[in-house]
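Below is one structure, written out as structure tokens, with a few remarks after it.
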Number of protein chains: 2
Amino acid sequence: MATGDDRTTRARVRTITDLARIAGVSPGTVSRALAGKSLVNAKTREKIVGLAREHGFRPNQMASGLRRQKTGVIGVVIPLGHDARQQISDSFFMTLLGYLADELTQEGYDLMLRRVVPGEDADWLDRFIGSGMIDGVIVIGQSDQFALIEDVADGYLPMVVWGNHKEGQRHCVVGTDNRLGGRLAAERLIAAGARRLAFLGDTGPIEFAARFAGAEDAASRMGVSLVALPTLLSPDRASEEIAAHLAAHEGEIDGIFAATDTLAALCLAALREGGIAVPETVRLVGFDDLPIARQTAPPLTTIRQDIAAGAHGLVQLLLRRLAGEETESLVLPPQLVIRQSA
Amino acid sequence: MATGDDRTTRARVRTITDLARIAGVSPGTVSRALAGKSLVNAKTREKIVGLAREHGFRPNQMASGLRRQKTGVIGVVIPLGHDARQQISDSFFMTLLGYLADELTQEGYDLMLRRVVPGEDADWLDRFIGSGMIDGVIVIGQSDQFALIEDVADGYLPMVVWGNHKEGQRHCVVGTDNRLGGRLAAERLIAAGARRLAFLGDTGPIEFAARFAGAEDAASRMGVSLVALPTLLSPDRASEEIAAHLAAHEGEIDGIFAATDTLAALCLAALREGGIAVPETVRLVGFDDLPIARQTAPPLTTIRQDIAAGAHGLVQLLLRRLAGEETESLVLPPQLVIRQSA
DNA sequence: AGGAATCTTGCAAACGTTTGCAAATTTCCC
DNA sequence: GGGAAATTTGCAAACGTTTGCAAGATTCCT
């Protein structure tokens, strides 16, 4: 057996031409056989496929990509607006990335990942698209690059973005209805007895701004107060910042809507530290429904984003755009998950 | 201005030949100019680079890759041994992935991500390597594929694996000294007053087995007992399982070493549920030092893996292997982080 | 049996870069 | 000013695959 293997494997077969020589046919035929085209005789195909397997041959994707003018690779890019956001956003974006990997694999695409810092590289999106390495691109998070993305969208069809939907925008986006989510959160706090609300989080990023706006909608409709407690979101500083906010508003707040479960968890720790009972004294609602939401004490009431559905939507829309179709954006409904913090 | 732009951009310049025509030189010269080679006259280069920028031209990476026989892409593959492990492993692996993305970008490489289920696709590693799309590969986690990875390592140099180091193995691995970590955990539990220890986690995966072995070392040396409480690690079932374990060993255990912070967090919840005081009645130590470890109540004492250092090591070793060097494995020291759970 | 219709195959030209080689140009030195 | 040396360019052949076209086999029908 070993000798047999040695003999057949002796000259490594790396190209379709090598295989053609061994099989006694032309390279074109091998190509057609391996591609499973119907233009090749069944017996010939069988023989070629057998030989390919035996020699562990796989056609070179680069050459194939070059010739066919498509690569079978989808680019996934995460713009990091300010470094500070990076760590906080990780948990959510990374989970989304995992689902994306699964969805794309299932559709036969590979995934090329890039993190970029737009500040250092104004050209990030064009560069990725122009590289010729990817058939389409998924942008995870608009960060502060809304305008640039809009520009690119005008001349480049196969792009889908995870983020917030804004009336009349030109790029195709998939995302949760943040405003509705914010409303649900505030309504829950109010239903749980809160009358003096606070929003914990930076209102700069567009998604967070929408969550805040939704909360404002509910608060003003129900006639309760709402104050914004901006945080830098830098993971090291967030804890102190939150504690400072809580101290500054001691006794003036009885319901907190955190922009993110991660922030909510930190907030919960700060409240515990301060001896403030949750949910008795202060009610708390998070956003995302990350795994951590289940594991805090008490478990977090939160607004769930359906990450799996989001990934699915991103990929399906992208596929249709790859086929040349102009697609609409997709706005997913958030869902209130009641646990024990509110 | 608009007219000027229109005129120059009129015929989209997509290939190096297009640009050559405009610049009045040969394609070869353009190629050399853009590559920054010294064989081209400074003035010519300047002109060409200027035109390239003006027209937003970027050389096609596929063609370049094909010709140069290198792609500038590193494959990162996550084998999912059994589906069950997937979700639990996410938190740690995804963080590692983030750091890898940064390290690789910094070195000028792109990252191609693949998740594979070895059970469904026995050929996963060869297929990735043979695709011709990547210059090297980083495997995140050995899962249950140790033997297969060893085989591949014999014939393929540019591969580095995150995982456990085993005496005499042939593939280059970067990872934490799990056994030492296990010892540190057990020693901490004992120092905190525990005498009847338990290990919470599946001892199947090789990393976890090593952690358990390390704990055994310490336990037997110090003359305390240690029992293994295997868990399936499927996220839905884990909670119930842990609760069952705790109930079964009620009062017989005063120190728990959880294989993972995620498990430790679940365990903490179960203990709280059962009204068992931590760390007074039962001491608890986790592993990884994930962000969550800081946010539980009480915060977790845990064994820290330096993920950033791991990512750095993986990339540096891979680079040396790409240069043809045979490299040794890299074993990183774990670090005990004392918080309040033990 | 003879030709039309259908299958299979081979040929050769792409896909867009890079690069060894040699030709053309410039610079330098005596 | 003349030739050697150095610099700058162009030419054309790769890299490994796919695919339109046409030629060669087969099959089928009358």
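Lettering follows sequence order; numbering is per chain, from 1. Since this is a predicted model, take the numbers as computed values, not measurements.
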inquiry  = Considering every strand and a 4.0 Å limit on heavy-atom distances, what is the contact class for B:Arg32: base, sugar-phosphate, or nothing?
reply    = base

message = I'd like to know if the side chain of B:Lys47 reaches the main chain of B:Ala23, judged simply by a donor and an acceptor atom lying under 3.5 Å from each other, with no hydrogens or angles considered.
response = yes

task = Could you name each residue pair satisfying salt bridge (charged side-chain N to carboxylate O under 4.0 Å, His left out) that touches residues 15-28 of chain A, not counting sequence neighbours?
result = A:Asp18-A:Arg21

request  = Provide, to the nearest angstrom, the distance between the CG atom belonging to A:Asn41 and the P atom belonging to C:dT6.
outcome  = 18 Å

ask   = Any sub-3.5 Å donor-acceptor pair from A:Ser143's side-chain atoms to A:Gln145's backbone N or O?
value = no

key: Start and end of the DNA chain D segment that chain A contacts, any atom under 4.0 Å from a heavy atom   = D:dG16 to D:dG20

query = Less than 4.5 Å apart, any side-chain heavy atom of A:Leu111 and any of A:Val73?
reply = no

ask   = Between A:Thr327 and A:Arg320, does any side-chain donor sit less than 3.5 Å from a side-chain acceptor?
value = no

key: Separation of C:dT9 C1' from A:Lys37 NZ (nearest whole Å)   = 15 Å

ask   = Does the pair B:Asp123/A:Arg58 count as a salt bridge with the N-to-O cut at 4.0 Å?
value = yes

message = Tell me the bend of the helix from C:dA1-D:dT30 to C:dC30-D:dG1 as the angle between end helix axes, each from five pairs, rounded to the nearest 10 degrees.
response = 40°

request  = Please list, chain by chain and in numerical order, all residues satisfying salt bridge (charged side-chain N to carboxylate O under 4.0 Å, His left out) with B:Glu107, sequence neighbours excluded.
outcome  = none

inquiry  = Both A:Arg68 and B:Thr29 contact DNA chain D. Taking the nearest nucleotide for each, which residue is further toward the 5' end?
reply    = B:Thr29

request  = Measure the shortest side-chain to side-chain distance between A:Trp162 and A:Val139 over non-hydrogen atoms and say whether it is less than 4.5 angstrom.
outcome  = no

Residues forming a ring pair (Phe, Tyr, Trp, His ring centres under 6.0 Å) with B:His171, sequence neighbours excluded = B:Phe146

task = Go through residues 58-66 of chain A and report each residue with a non-hydrogen atom lying under 4.0 Å from DNA chain C, sorted by number.
result = A:Leu66

ask   = Quick one: are A:Ile206 and A:Gln142 in side-chain contact, heavy atoms under 4.5 Å?
value = yes

